[in-house]
Amino acid sequence: LRTILLFLFTIPVFGSKFIIPIALLILTIPNFKYLSSSFYFYSLLFCVPIIFSKLFFSTEFDPTIFYVVVSILISVNKISISNKSLKTILFIFIFFHLLSVVSILQTGYDFIPDFIYGESRHYVQNNTLINFRPSGIFQEPSTFAIHYLIIAILLLREKTSENIKYVFLSILASLFTFSVISVLFILILIPFLKKAKYIFLIFIPLGFFIYEFLNQFALNKINNYFDIGIQNYSRFELLFKYLDNFYFAGFYENLSNYVAYDLGPIIFLFIYAGIFSFPIIIYISMRCIKDLNLLVLVFTKISVVSPLFWVVLNNKRT
């Protein structure tokens with residue numbers, strides 16, 4: 001139950017995004033004694049400068065840092081996330097993935113995201129490869145892809161032949177959300193996939209799919225960024241605005257007016273707390289040096305307020 005809730009952390013229940021985090025926090029309380037591990041100690045310690053900056057230098061207090069601390073606490077787990085739990089979640093995601101595809105083909109919109117969030121973000125900018133992108137139970141297809149990739153990363157912590165097959169399935173499913181970041185994970189995970197039986201049967205069609213994906217979808221998306229000006233694109237607008245009006249303690253306007261979390265944890269933390277974010281950024285970067293998959297994940301839109309980010313950041317299977 002706790003593992004499932006971790007993967008559904010951002011899903012609103014009865015219109016509220018706080019129900020699942022509160023439930024997870026309650027389930028975590030008995031495990032607080034495990035905070036003695038160095039990972040949790042340093043993660044929380046390096047958040048202290050950010051808390052200091054927000055209390056003394058911000059004109060308008062933003063409680064994001066406390067959401068980060070809560071997410072670190074929630075990532076504490078007495079028992080490792082089992083392979084069985086990860087595989088169960090993978091098949092749950094695939095079920096909702098197929099449901100999204102059927103819903104869009106039959107009704108013209110993604111039923112579950114439309115019901116949960118009030119919108120269906122399946123539309124795709126003009127390209128010759130696809131007409132829609134499924135979101136499963138998430139608001140955006142790219143968020144769906146990231147959750148698939150987290151499953152793959154955690155399964156790869158134990159490089160058994162059985163796990164490799166599910167890693168491949170997870171990566172393949174993430175590709176079919178048509179998110180660019182999934183292609184990078186394919187390149188990184190290829191050395192592990194050679195252990196999978198019958199990989200040669202799907203290598204050629206997979207290679208063709210990736211080529212078409214990059215040529216007809218990803219490049220079109222990148223070209224669109226530059227056509228409208230990357231600084232004017234909603235995802236990068238906040239970064240350029242902060243660099244143009246740099247303040248040592250972080251961005252001084254209300255972040256809710258911008259697309260902030262999509263910039264990834266490193267850039268978001270820098271914008272959020274300026275130089276006071278350097279200790280935690282350096283700590284995250286040092287852990288990425290030892291894990292190439294984690295390095296790629298850091299450059300996705302995964303949020304620092306997601307406990308799954310801190311679960312993956314920990315080298316142990318927690």
Side-chain angles (χ1 to χ4, degrees), residues 9-12 15-22 24-25 43-44 46-75 113 116-119 121 135 138-147 179 181 225 228-285 297-310 312-313:
F9 185 79
T10 60
I11 308 297
S16 173
K17 289 188 176 182
F18 294 104
I19 293 178
I20 290 180
I22 290 172
L24 274 170
L25 196 56
S43 296
L44 294 171
F46 293 143
C47 287
V48 171
I50 302 179
I51 296 175
F52 172 81
S53 71
K54 291 302 168 184
L55 289 176
F56 292 97
F57 294 104
S58 293
T59 56
E60 183 176 321
F61 182 73
D62 185 336
T64 297
I65 185 58
F66 289 110
Y67 298 147
V68 171
V69 170
V70 168
S71 290
I72 294 173
L73 294 176
I74 289 174
S75 72
I116 296 176
Y117 308 99
E119 60 179 337
R121 296 190 178 183
S135 297
F138 297 97
Q139 190 170 18
E140 297 184 359
S142 54
T143 303
F144 197 18
I146 290 171
H147 282 74
S179 299
I181 194 65
Y225 286 163
I228 65 174
I230 193 168
Q231 71 278 5
N232 297 319
Y233 195 76
S234 59
R235 181 171 294 181
F236 304 106
E237 179 186 7
L238 175 60
L239 175 60
F240 283 94
K241 188 165 185 177
Y242 178 55
L243 293 176
D244 289 339
N245 302 277
F246 180 78
Y247 178 54
F248 75 97
F251 194 63
Y252 48 82
E253 293 183 25
N254 191 339
L255 288 174
S256 63
N257 296 326
Y258 300 89
V259 179
Y261 291 117
D262 282 11
L263 292 167
I266 298 293
I267 297 177
F268 171 79
L269 285 169
F270 172 63
I271 293 173
Y272 178 68
I275 63 173
F276 293 97
S277 66
F278 287 175
I280 190 67
I281 287 176
I282 293 171
Y283 180 62
I284 292 171
S285 300
L297 184 67
V298 163
F299 285 97
T300 69
K301 58 182 284 185
I302 189 169
S303 172
V304 288
V305 300
S306 168
L308 280 175
F309 171 69
W310 301 99
V312 176
L313 193 65

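This one's a predicted model, so the numbers in the text were calculated from it and none came from an experiment. One is the number of the first residue; the rest follow in order along the sequence.
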Side chain to side chain contact (heavy atoms under 4.5 Å, CB included) between L243 and F270: does it pass, once the steps are laid out?
CA-CA 11 Å; L243 293 176; F270 172 63; 4.3 Å; yes

Determine, step by step, whether Y117 and I11 satisfy the side chain to side chain contact (heavy atoms under 4.5 Å, CB included) criterion, reporting the C-alpha distance in whole Å, the side-chain angles of both residues, the deciding distance to 0.1 Å, and the verdict.
CA-CA 9 Å; Y117 308 99; I11 308 297; 3.1 Å; yes

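Atom CD1 of I267 sits about 11.5 Å away from atom OG of S277, to the nearest 0.5 Å. The line from CZ of F309 to CD1 of I284 is 4.0 Å long, rounded to the nearest 0.5 Å. Rounding to the nearest 0.5 Å places CG of L73 at 7.0 Å from CG of L25. The distance from atom OG of S71 to atom CG of L308, rounded to the nearest 0.5 Å, is 9.5 Å. Distance check: L44 CG to I280 CD1 gives 8.5 Å after rounding to the nearest 0.5 Å. To the nearest 0.5 Å, atoms CD1 (I74) and OH (Y67) are separated by 12.0 Å.
At a threshold of 4.5 Å between non-hydrogen side-chain atoms, the residues N245 and Y252 count as touching. Under the 4.5 Å side-chain criterion, counting only non-hydrogen atoms from C-beta, I181 is not in contact with S142. In this structure, P113 and F138 have side chains that are not in contact, with every pair of non-hydrogen atoms separated by 4.5 Å or more. Using a 4.5 Å heavy-atom cutoff, the side chains of T143 and S135 are not in contact. A 4.5 Å side-chain heavy-atom check between V68 and C47 finds at least one atom pair inside the cut-off. Using a 4.5 Å heavy-atom threshold, the side chains of L269 and I50 count as touching.
Using the six-membered ring where Trp is involved, F248 and F276 have ring planes that are tilted, between 30° and 60° apart. Relative ring orientation between F268 and Y272 is described as parallel, the plane-to-plane angle staying below 30° on a 0-90° scale split at 30° and 60°.
Counting non-hydrogen atoms of other residues, nucleotides and ligands closer than 6.0 Å to CZ of F299 gives a total of 12 or fewer.
The nearest pair of heavy atoms linking K301 to I146 is CG-CD1, 3.3 Å. Contact between I116 and P12 at its shortest, heavy atoms only, is CG2-CG, 3.4 Å. In plain terms, the two heavy atoms of D262 and E140 that are nearest each other are OD2-OE1, 4.3 Å.
One N or O on the side chain of S303 and one on the backbone of V305 form a donor-acceptor pair closer than 3.5 Å.
A distance of 6.0 Å or more separates the ring centres of F57 and Y247.
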